Structure formats: C-alpha cells, structure tokens
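Right, one structure below, let's go through it.
Heads up: numbering here begins at 1 and tracks the sequence. Note that the structure is a prediction, hence the values are computed from the model and not measured.
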Amino acid sequence: SNSWSLPLRFPNPDPINRREEELISIIPREQTGTYDMRRLIKLVIDMGSYFEIGAHWGKCIVTCFVRLSGFSVGVIASDCREQGGCLKADGARKLRRFVDLCDCFHVPILSFVDQPGFAVGTDSEKSGTIRHGAAAIASLYSLTV
C-alpha cells in the first residue's frame, strides 16, 4: 500500500462458518467489570491478522492494524484495564498519530467504543490531556476514509 492507492485485499483464511462463542460472554454483565479488549478484537477479525502499534505507551488506547474479510483496517479501542479506559494525554497523542497514519494510507478505521471520557485531576491537567484529546478528536472528525 502507498499514499496514492487503496490497500490491497487479501484472501481471508477463516472458514466460512467461523463462529466465536466467546463473544457472547467476554464483556461482563456488571458495569464495573473489565475485559480483555485485545482478545475481543482478535475474536472479531480475520484469524492471525492482528498487528498492534504502540503497545507499550499510551496504554489506555489500543491501536492496531487488522484484516476484515481480507481488507486492511485500522482499529482503535479503549483498554478498560488501564485506569478504566479514560483517555490521557499520551493515549490521545497515540490516537491522533494512528488516525493520521490510517488517513494518509486510505485505511478505514473501526472503533470499538467503550470510552468513559478524559482522565481528570492535577496530573492530567499538567500533561495537557484536554489539549491532546481535542487534537485527537479533530483528527477523527477530519478523516477522509
């Protein structure tokens, strides 16, 4: 893929009747429960196509490239196991960079939405969470894919 053309479609290795029973129970019924967002993403996408970007920083956000029916897709999701999934400054910067990368290479984005909002407090104010969060939201709204 390059910035001048759409990404190629590859054959999907999944069986046509693939069914993941774990999807029924992976999200707990109680609202305060947590779950493994990476596992959930892997259950939804083409098998073996998960490629995470920036796993060791901005941990409140999961960003990865995957394939859905052979198409390349960027995925963004909150990780509820990292401070409840609240968006912090480093996660917002990670989100903005990933969204801009996907937009540059015409990769559509799939968003798993479970976002409680911005982190609050003195540390969040000092690190510029609102400023970086607003920049991330602006990137999302200016997408062309």
- Message: Count I, L, V, M, F, W, Y as connected when their side-chain heavy atoms are under 4.5 Å apart, and connections chain through other members. Are I41 and I109 then in the same cluster?
- Response: no
- Would you say I76 and F112 are hydrophobically clustered, going by side-chain heavy atoms of ILVMFWY under 4.5 Å? no
- What heavy-atom pair brings M47 and P13 nearest, and what distance separates the two atoms? O-CG, 4.0 Å
- Closest heavy-atom pair, G74 versus C102, reported as atoms and distance to 0.1 Å, is CA-SG, 4.0 Å
- Note on the structure: side chain to side chain contact (heavy atoms under 4.5 Å, CB included) filter on R39, not counting sequence neighbours, yields E22, I26, D36, L43
- Note on the structure: Residues D100 and S139: closest non-hydrogen pair is OD1-OG, 3.2 Å
- Task: Apply salt bridge (charged side-chain N to carboxylate O under 4.0 Å, His left out) to R19 and list each qualifying residue two or more places apart in sequence or on a separate chain.
- Result: E21
- Query: Does any N or O in the side chain of D103 come within less than 3.5 Å of the main-chain N or O of T144, such that one atom is a donor and the other an acceptor?
  - Reply: yes
- Query: Does the side chain of H106 reach to within under 4.5 Å of the side chain of P7, using non-hydrogen atoms?
  - Reply: yes
- Query: Within the side chain of K94, is there an N or O that forms a donor-acceptor pair under 3.5 Å with the backbone of G54?
  - Reply: yes
- Query: Linking I/L/V/M/F/W/Y whenever their side-chain heavy atoms sit closer than 4.5 Å, directly or via other members, would M37 and V73 fall into one cluster?
  - Reply: yes
- Message: Is there a path of hydrophobic side-chain contacts, each under 4.5 Å between heavy atoms of I/L/V/M/F/W/Y residues, joining F71 to F10?
- Response: no
- Hits for salt bridge (charged side-chain N to carboxylate O under 4.0 Å, His left out) against R18, two or more places apart or cross-chain, chain-then-number order -> D14, E20
- Message: Are more than 12 heavy atoms, taken from residues, nucleotides or ligands other than F51, located less than 6.0 Å from that residue's CZ atom?
- Response: no
Donor-acceptor pairs under 3.5 angstrom involving side-chain atoms of residues 56-68: please list them, not counting sequence neighbours.
| unit_1 | atom_1 | unit_2 | atom_2 | d |
| --- | --- | --- | --- | --- |
| T63 | OG1 | I53 | O | 2.7 |
| R67 | NH1 | S72 | OG | 2.8 |

- Partner set under side chain to side chain donor-acceptor pair (under 3.5 Å) for R38, not counting sequence neighbours: E52, D79
- Using the rule that two of Ile, Leu, Val, Met, Phe, Trp, Tyr join whenever any of their side-chain heavy atoms come within less than 4.5 Å, decide whether L23 and Y50 are in one cluster. yes
- Query: Can you name the side chain to side chain contact (heavy atoms under 4.5 Å, CB included) partners of P28, sequence neighbours left out?
  - Reply: E30, Y35
